[in-house]
Amino acid sequence: MGFCGVGGFLFLVFVFGKNIAADKDGWDLCTDTPPADAKLWPSISNGHVGTVVHSDSVYMNGLYNGNGTTSTRARIPAFTALDVINFAPDENVSTTYCLHMNSGIYKEIYRGDHWRVTVTMYAHRVFNRLLVTELTVATDGQQRKLTIPLKYGTILEAETPESGLTPVHVYYKTVPLDVTVESGHSGTETLVFLMSVWDTGRIDVIGNVTLASSVYSALYYITSAMPLEEDTVWPFGYNGHVFWDQDTWMYPPVLVLHGDLAPVLLNTRFRTLNASREFARRTGHSGAQYAWESAFTGLDVTPWPPAQDYEHHVTGDVALALRQYVMMAGDSPLLHDVHFRETVFAIAEFWKSRSVLNRSAGMYEIHNVMPPDEWHYPVNNSVYTNYVAKMALLLPHFLCDVIHCLAPPEFEQVAGKMYIPFDADKNYHPEYDGYTKNVSVKQGDGILLGFPLQLAMTSDVRRNDLEIYENTTGAGPAMTWGMFAIGWLELNQTDRAEGLFFRQLLNKYGAFNIWTEDADGGGVTNFITGQGGYLQSIIHGYGGVRPYADRLALHCRPVPGSTGISIVGLDYLGNSLDISCDDRITKVVRTSHGRQLYLHTSLTREIIPLRPGVPVDMPSQPLAISSYQTLKLPIGQFGVNVPVEIVG
Ligand SMILES: *[C@@H]1O[C@H](CO)[C@@H](O)[C@H](O)[C@H]1NC(C)=O
Ligand SMILES: *[C@@H]1O[C@H](CO)[C@@H](O)[C@H](O)[C@H]1NC(C)=O
Ligand SMILES: *[C@@H]1O[C@H](CO)[C@@H](O)[C@H](O)[C@H]1NC(C)=O
Ligand SMILES: *[C@@H]1O[C@H](CO)[C@@H](O)[C@H](O)[C@H]1NC(C)=O
Ligand SMILES: *[C@@H]1O[C@H](CO)[C@@H](O)[C@H](O)[C@H]1NC(C)=O
Ligand SMILES: *[C@@H]1O[C@H](CO)[C@@H](O)[C@H](O)[C@H]1NC(C)=O
Ligand SMILES: *[C@@H]1O[C@H](CO)[C@@H](O)[C@H](O)[C@H]1NC(C)=O
Ligand SMILES: *[C@@H]1O[C@H](CO)[C@@H](O)[C@H](O)[C@H]1NC(C)=O
Ligand SMILES: *[C@@H]1O[C@H](CO)[C@@H](O)[C@H](O)[C@H]1NC(C)=O
């Protein structure tokens, strides 16, 4: 089944070892008081196995239990959870709890008058079946003999009658009930585990450790959850199901900062292509329809029936992720992989069959959907859904122009006649047929047209969309405020962006920067979807990063409260770039020897070849990086007015 994670092993290693130090500004989250709410402990994960420290459960990528919509990630007892309690009742003990995000290591240090006990936990990145718990006694110690009981079993209930009972093995060593410290030094050298990923992709916020730390933690929680073997981000909330959260919110920052890891997430959709064809068949459509929520088989496991029945935009969101990949990676081996092309074509086929021709208008419409605004369903012609479908229908041509294949002309024909609701009177995009601008919405759905969908529109329309939906959006998930901030930054209104940008941080709780789905602390906890939106508001908002067919646009500005930002290791067309700015100067360095790139400036209209290792400094302004010396569009036409349908 092409799915390596299944039937994996899970170890607990219990050794005596030395401390591992890994301190850097903003990379350590430390506190002397344990979180009042147990859900605010940090998670450690390597994408294969993961746990929330002090919780009773370990989760493994791809391991689900339950029939159909009752499928949830399977819970494995957490033998890793080591609670050090009452070991020295007569003494005053001080404790520090630290998450070292730089190394992915979580550490607790208990200090008494004459001794120090350190508990270290991490998910091993190389031996990814390992969740490691180490106990170090700082005075004297002696190694103990430990026995290894073995547990073996399967999940309890399969998702479908055919999908089988996934086997799971758990190896662990018993934790001794007490530790006697004898004279003489002992201890095993521990494995020093450094996540070198930060060197090749991260965002530094300069001059504000608090903000730097909130960005590092968003990077940490998403990147540490990225598997090396499987294809799905380590399960967080929502029963560990996959939905647009992965494609639209977590994936984009991974694509920009770790282009080599991004295909891992696309693989989720390649692996479940056949199941999605089956799902389309069951709903009476052609091509592939991705389930709103999927788990082991890729078939629909959405427990909320209206979303299963109507929230079809996810199939367009997958196309958006694939399209972003084409624009960022260019002509690369993955584009020639048959799975890539098959997925792109099958999605377009679905949207062709899902659209209906309105003969009197001569336009294609999409009826009976739930937009990202889940408060309104079923509606006709959701502007988000129709536009994402249009983009999906254009993707086969876009791809074929890059890799030289042949796309059926019908896709482009349907896309060309896709109806995109627009109110010419009020000069804005109504969310769906019949929407009036006094109707409250769950999230700013219409504003997603500007970003991430990058629909070409005038600044006036973009402004109206932002104004109107800012007034009608309810409490909203955090991502919605990040997307508003991106919109205002596009219009150079940094003042309006600021409050919306910081509004996202209302969802950040506790010493370990854990995000909740709702700003009041409710909903899914460790909501890395929101953290993905937050990273996008920096990369695409303050960084102004926009992929287009022939260029990568940039407009770098410091995050408020900082003196500058630095996007380290941005991956574009097989190259790696460092982009940094303060409030005056933007600096671009190409750090790799990939394809030749040119920097196009908008103020002085220069075309500067980017030579490996040679930094280019200039006053901050909209910029473009391109493999073309001559851009397909007039120079200076940056920002919201760039049509995205052109093909480079
Ligand atoms: C612990 O601290 C308290 C107050 O700080 C002090 O009165 C007490 O003597 C200390 N106990 C020990 C064993 O040091
Ligand atoms: C799973 O549930 C469906 C009904 O939703 C039922 O038809 C099927 O028999 C169940 N399968 C198993 C293996 O329990
Ligand atoms: C999908 O099904 C086809 C035909 O049954 C098969 O050849 C192909 O390997 C399957 N693809 C995946 C990713 O399972
Ligand atoms: C077809 O389009 C016309 C003109 O825009 C509109 O009035 C009508 O409601 C549409 N019909 C359907 C079935 O959506
Ligand atoms: C959507 O269009 C269908 C026709 O395809 C119509 O029956 C239905 O009433 C429309 N729904 C809404 C909410 O307007
Ligand atoms: C919203 O405005 C429309 C007119 O544009 C009006 O018919 C409707 O009653 C209003 N709805 C609410 C909830 O205020
Ligand atoms: C949004 O609400 C504010 C305050 O109520 C109001 O001044 C503004 O006109 C509204 N904007 C739009 C576009 O309705
Ligand atoms: C934003 O400002 C830049 C100059 O810094 C300008 O080139 C660009 O056109 C402006 N964008 C909008 C939408 O006004
Ligand atoms: C960091 O940024 C936050 C948010 O703007 C601000 O409240 C805080 O004062 C800043 N800290 C420093 C040291 O500038």
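Counting starts at 1 for both ligands and their atoms, in listed order.
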Can you tell me which residue and heavy atom of the protein come closest to [atom], and the distance to 0.1 Å?
atom: atom 4 (C) of ligand 7; result: N471 ND2, 4.6 Å
atom: atom 5 (O) of ligand 9; result: F502 CZ, 3.2 Å
atom: atom 8 (C) of ligand 9; result: N208 ND2, 3.7 Å

The one among N492, L491, T458, L489 that brings a heavy atom closest to atom 2 (O) of ligand 8: N492
Main-chain N/O of T516 paired with N507 side-chain donor or acceptor, under 3.5 Å: yes
N/O donor-acceptor pair under 3.5 Å between T385 side chain and H313 backbone: no
What do we get for Q621 next to ligand 8 when only non-hydrogen atoms under 4.0 Å count, side chain, backbone, both or neither? neither
With heavy atoms only and a cut-off of under 4.0 Å, state how S562 meets ligand 9: side chain, backbone, both or neither. neither
What donor-acceptor contacts under 3.5 angstrom involve side-chain atoms of residues 575-582, with partners at least two apart or in another chain?
{"residue": "N575", "atom": "OD1", "partner": "R590", "partner atom": "NE", "Å": "2.9"}
{"residue": "N575", "atom": "OD1", "partner": "S592", "partner atom": "OG", "Å": "2.8"}
{"residue": "N575", "atom": "OD1", "partner": "G594", "partner atom": "N", "Å": "3.1"}
{"residue": "N575", "atom": "ND2", "partner": "R595", "partner atom": "O", "Å": "2.6"}
{"residue": "D578", "atom": "OD1", "partner": "G569", "partner atom": "N", "Å": "2.9"}
{"residue": "D582", "atom": "OD1", "partner": "R584", "partner atom": "N", "Å": "2.8"}
{"residue": "D582", "atom": "OD1", "partner": "I585", "partner atom": "N", "Å": "2.8"}

What atoms in ligand 9 come closer than 4.0 Å to a heavy atom of L211? 2 (O)
For ligand 9, which atoms sit closer than 4.0 Å to a heavy atom of P560? 5 (O)
Has R462 got any heavy atom lying under 4.0 angstrom from an atom of ligand 8? no
Within less than 4.0 angstrom of ligand 8, does S602 place any heavy atom? no
As a test of the contact definition, would atom 14 (O) of ligand 9 count as having a protein heavy-atom neighbour under 4.0 Å? yes
I'd like to check whether K437 has a polar contact with ligand 7, where a contact means an N/O of the residue lying under 3.5 Å from an N/O of the ligand. no
Quick one: ring-ring contact (aromatic ring centres under 6.0 Å, His included) partners of Y221, sequence neighbours excluded? none
Tell me whether the rings of W27 and W198 are parallel (<30°), tilted (30 to 60°) or perpendicular (>60°). tilted
Show your working on salt bridge (charged side-chain N to carboxylate O under 4.0 Å, His left out) between E467 and K437 and close with a plain yes or no. CA-CA 10 Å; E467 298 255 11; K437 60 178 202 163; over 6 Å; no
Under the side chain to side chain donor-acceptor pair (under 3.5 Å) criterion, do D204 and Y216 qualify, and how do the steps go? CA-CA 8 Å; D204 295 327; Y216 292 147; 2.5 Å; yes
Step-by-step salt bridge (charged side-chain N to carboxylate O under 4.0 Å, His left out) determination, R463 to D460: CA-CA 5 Å; R463 179 173 295 105; D460 284 347; 3.6 Å; yes
